[in-house]
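Please read the structure below before turning to the comments.
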Amino acid sequence: MSQTLKAMGMNYPMQDGQQGYFDLVYDTFTSEEIKLINLMHTNVGERVMQPEFGLSTRRYLFENITPQLKTNIELDIRNKITYWLPNLVINNLTVNIEALEESDKNSIYVTINFSLIQNPNQFDEITFQL
């Protein structure tokens, strides 16, 4: 008896699939990781029919770099992940507003270490540049 795998969603970045137009994902962990990437790359108001989906990071674009800014960004990200991705557990979230190089002094880096509620032993870490 053959078992048929069911796709959980599309892979990211989008690319041609072997059995259709898009490459598909068949495991929960990768699916949730792709959802996190999509959430982090979407601004609030950008998604049709779900205007609250995404982050409000653009509002921090011209703010002075202070410890409060770091706290606000972290709180915004935690709240959005908790609401939109309830299967994810944030193990560690780091907001780095210090410049690593002179040419990089206007960047904010967010590193998220996460796992799934169902499997806390499998985890990954992703860094985003805001």
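Just so you know, residue 1 is the first one in the sequence shown, and it goes up from there.
- Counting heavy atoms from C-beta on, the side chains of Asp76 and Arg59 come closer than 4.5 Å.
- Note on ring orientation: taking the six-membered ring where Trp is involved, the planes of Phe29 and Phe114 are parallel (angle under 30°, cut-offs 30° and 60°).
- The two residues Val95 and Lys70 have their closest heavy-atom pair at O-CE, 2.7 Å.
- In this structure, Asp124 CG and Glu32 CD are separated by 13.0 Å, a value rounded to the nearest 0.5 Å.
- Residue Tyr60 is grouped with residue Ile112 when hydrophobic side chains (ILVMFWY) are merged at heavy-atom distances under 4.5 angstrom, including chains of intermediate members.
- To the nearest 0.5 Å, the span separating OG1 on Thr28 from CD on Gln122 amounts to 9.0 Å.
- Taking CG of Leu93 as the start and CD1 of Ile81 as the end, the distance is 6.0 Å to the nearest 0.5 Å.
- Between the CG atom in Leu88 and the OG atom in Ser115 there is a gap of 8.0 Å [rounded to 0.5 Å].
- Side-chain contact between Thr127 and Val110 is absent, with no heavy-atom pair separated by less than 4.5 Å.
- For the side-chain contact (heavy atoms from CB on, under 4.5 Å) with Phe123, the lone residue among Asn92, Asn91, Leu116 that qualifies is Asn91.
- Considering NZ of Lys80 and CG of Leu36, their distance stands at 14.0 Å, rounded to 0.5 Å.
- Across all their heavy atoms, Thr42 and Asn38 have their closest contact at OG1-O, 2.6 Å.
- Ion pairing between Arg78 and Glu74 holds under the 4.0 Å rule for side-chain N and carboxylate O.
- From Trp84, atom CH2 reaches atom CD of Glu52 across 7.5 Å, with rounding to the nearest 0.5 Å.
- Considering Leu69, Thr71, Leu75 in turn, Leu69 is the only one that fulfils the side-chain contact (heavy atoms from CB on, under 4.5 Å) rule with Ile73.
- Looking at heavy atoms from C-beta onward, Gln129 lies out of side-chain contact with Ile108 at the 4.5 angstrom threshold.
- Here the closest heavy-atom approach between residue Val44 and residue Ser56 is recorded as CG2-OG, 3.4 Å.
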